[in-house]
Asker: 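My questions all concern the structure below.
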Amino acid sequence: MIETVREILTLALGALGIPAPERIEVEVPKAESMGDLATPLAMSLAKTLKRPPGKIAEEIVSFLNSKDIGLPDILRLRDDFEKIEVAGPGFINFTFKRESLYSSFAGLLRQGGASFRKDIGKGQKILVEFVSANPTGPLHLGHGRGAALGAALSNLLAASGFNVTKEYYVNDAGRQVGLLGESVFARYQELLGISYPFPEEGYRGEYVTGIARKIMETEGAKYKDKEFSRHADYFSKTACDMMLAAIKDDLESFGVTFDVWQSEKELYDKTEVEAAIDYLRGKGLIYEKEGATWFAATSFGDEKDRVLIKSGGQYTYFASDVAYHKKKADKGYDELIDIWGADHHGYIPRVGAALEALGYGKERLTVLLVQMVSLLRGGKPVQMSKRAGEFVTLREVIEEVGADMTKFIFLTRKADSHLDFDLEVAKAASAENPVYYVQYANARIGSIFRNAVQQGFLHEEGGADVRAALLPTDSSPDDLSPLAEPEEIRLLKKVLLYPSVLEAAVQAREPHRITYYLQELAGLFHPYYNRHRILTDERGLSFARLCLCRGIALVIRDGLRLLGVAAPEKM
RNA sequence: GCGCCUGUAGCUCAGUAGGAUAGAGCAACUGCCUUCUAAGCAGUGGGUCAGGGGUUCGAAUCCCUUCAGGCGCGCCA
């Protein structure tokens, strides 16, 4: 729909000799009296043309409305519209003919989900890295937010013609993992009745004792009263492996999967970190100062130079991150999307600088920041302190309020705003929650179709997807002409707008737009359902309404799938 | 002190690349299940878009500034 308007405007501007802007803005007007779609084009042109917007709009509109343009392309497109008129300060409002809506909708039914897809990515390779929580403890709610966003965004990108890889960066090297190992070691000794000083900054969560217990079960008292330093590798690696397995398990329960698990340790083992530093050294961007090795990040817009190798000889976290981003870029991805907690935002300039220095350009990096999640219970903040080991895990939340609902709540906010997640509210409101509102629309349609078969409106032809199996694939515009109620026209238009919503969501990298759209669509369907019967005595009407319902369900199921939320047929 | 994010209805949040009369859900109140699923529907009330300046035909949206909250500013990860 939006494309048609853009196209005809572009052609008109061309014919009138008016220079077209790069992007013609088309929007859904606030009130239905203003038509189906509108463009403020004339008003934005007023500046450059130095003419009143009303005049410009008038010129475009009268051109489009003249019968003898003699331009077949315009006439063909013009035929879709009931009217095109100037309104307000210079808006051009477009109203579609019913027939045109019917025929577009029939096309959507015929092509099914394929018609939602626009090839925006054109095969571009995108790597989406998200979650990437340290394997030193279970995932908490903040990680869940990143997981929901990353998964939904990846689905959305993949559905829009991008070649997407989902990756989790595992920080399995360095001090934190050592600390985890020693914490486990300490608990292990305790379990065997030996007192061992718990590391100052160790991990105090109960899961640490759990890991120690498992080691005790498999290895017995083998390490009893031994020196940690001699068994550090074993404890660290084992603990890290077990944590990672638990994290994968949590993510699976959350319905989030990854294509690649990139180990940080491997970057060291394969000397990729050294290689990255050498590469920069070769470009003269590395220098030694006060015993440390520095990267000249200021040359690329960072506010200070950054240490890669400490004076003590250890690599910094940043060093492996440079190598990691080099590796990602080397693989030929056109875009690297990193989803980080907002507390890492200060890190963006230095990673950008690194990519720039590596010859890839910082534009290749897109960092999406996910703001903090404040966990509440009945309006009171739940303390989350890793140090004290008190925090509510993602798993606990999933078990308490459900994965679908948790995801939907995350995806109903834009990433870059703080989020209060109240467990009591999420649970208490569970019967009237937005996610159910959307799912329920689909389930109701499922029920209608089951009834339609039972009552002989349609013949069942088998298959799990009742709707796909029942309706003829050659639905023609004529089948839809009985749809004349205002609610029905509204629904037709809303469904037809879905591809544009996806496009906008992809371009803005904002899956939450889908969430809102689905709520709006369901918000049109429920009242319609309540007011009008789908299965009536009139066969033609019933069939048309079934077609409408099928289109709605197709869109809802597609949208929910992209969000990673289930779309049950029955509720 | 510097930087980033946020501030919209009682609460939680949308507001689509500056556009027409600022929206939704929850909460509150009033009705609706012998008809395809009441996880639903119909109706009512609710706003200094944090404050102040500016840019222009037009600002919740862009710029400046003040205030409030959050997060960063390491040879931590």
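Here is how names work: the chains are called A, B, and so on, in the same order as the sequence lines, proteins then strands, and each is numbered from 1.
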Asker: Any N/O pairs under 3.5 Å between the protein and nucleotides 43-46 of chain B? List them or say none.
Answerer:
none

Asker: Expressed as a whole number of Å, how far does the P atom of B:C41 sit from that of B:C26?
Answerer: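 After rounding to an integer number of Å, I get 9 Å for this pair.
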Asker: Which pairs, with at least one residue in residues 32-49 of chain A and sequence neighbours excluded, count as a salt bridge (Lys or Arg N to Asp or Glu O under 4.0 Å)?
Answerer: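 Checked against salt bridge (Lys or Arg N to Asp or Glu O under 4.0 Å) - neighbours excluded - the pairs reaching residues 32-49 of chain A are A:Glu32-A:Arg490, A:Asp36-A:Lys493.
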Asker: Can you tell which of A:Leu41, A:Ile92, A:Thr4, A:Ile2 makes a side-chain contact (heavy atoms from CB on, under 4.5 Å) with A:Val26?
Answerer: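 Only one of A:Leu41, A:Ile92, A:Thr4, A:Ile2 forms a side-chain contact (heavy atoms from CB on, under 4.5 Å) with A:Val26, namely A:Ile2.
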Asker: Step through it carefully: locate the ring centre of A:Phe295, locate the ring centre of A:Tyr287, and say whether they are under 6.0 Å apart.
Answerer: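 Between A:Tyr287 and A:Phe295, which both carry aromatic rings, the centre distance is not below 6.0 Å.
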Asker: Need one value for A:Leu369: base, sugar-phosphate or nothing, where a base atom within 4.0 Å counts as base even if backbone is also close, heavy atoms only.
Answerer: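 Here A:Leu369 touches no strand at all.
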Asker: Taking protein heavy atoms under 4.0 Å as touching, what does nucleotides 71-77 of chain B look like 5' to 3' if B marks base contact, S marks sugar-phosphate-only contact and - marks none?
Answerer: BSSSBSB
Asker: How would you label the contact of A:Asn93 with the nucleic acid (heavy atoms, under 4.0 Å): base, sugar-phosphate, or nothing?
Answerer: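 Here A:Asn93 touches the bases of the nucleic acid.
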Asker: Base, sugar-phosphate, or nothing: which does A:Pro53 touch, judged by heavy atoms less than 4.0 Å apart?
Answerer: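 No contact at all - A:Pro53 keeps every heavy atom at 4.0 Å or more from the nucleic acid.
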Asker: Indicate, with a heavy-atom threshold strictly under 4.0 Å, whether A:Ala505 touches base, sugar-phosphate, or nothing.
Answerer: nothing
Asker: In whole Å, what separates the P atom of B:U65 from that of B:A9?
Answerer: 26 Å
Asker: Just jot down the side chain to side chain donor-acceptor pair (under 3.5 Å) partners of A:Lys494, sequence neighbours excluded, or say none.
Answerer: A:Glu520
Asker: Could you work out, with side chain to side chain donor-acceptor pair (under 3.5 Å) as the rule, every residue matching A:Glu485, not counting sequence neighbours?
Answerer: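 With neighbours one apart ignored, the set is empty.
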Asker: Are the side chain of A:Asp302 and the backbone N or O of A:Ala353 linked by a donor-acceptor pair below 3.5 Å?
Answerer: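 Checking the backbone N and O of A:Ala353 against the side chain of A:Asp302, no donor-acceptor pair under 3.5 Å is found.
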Asker: Can you give me the N/O atom pairs linking the protein to nucleotides 14-17 of chain B at distances under 3.5 Å, or say none if there are none?
Answerer:
| unit_1 | atom_1 | unit_2 | atom_2 | d |
| --- | --- | --- | --- | --- |
| B:A14 | OP1 | A:Lys414 | N | 2.8 |
| B:A14 | OP1 | A:Ser417 | OG | 3.1 |
| B:A14 | O4' | A:Tyr516 | OH | 3.2 |
| B:G15 | OP1 | A:His512 | NE2 | 3.1 |
| B:U16 | O2' | A:Arg513 | NH1 | 2.8 |
| B:A17 | OP1 | A:Arg23 | NH2 | 3.2 |

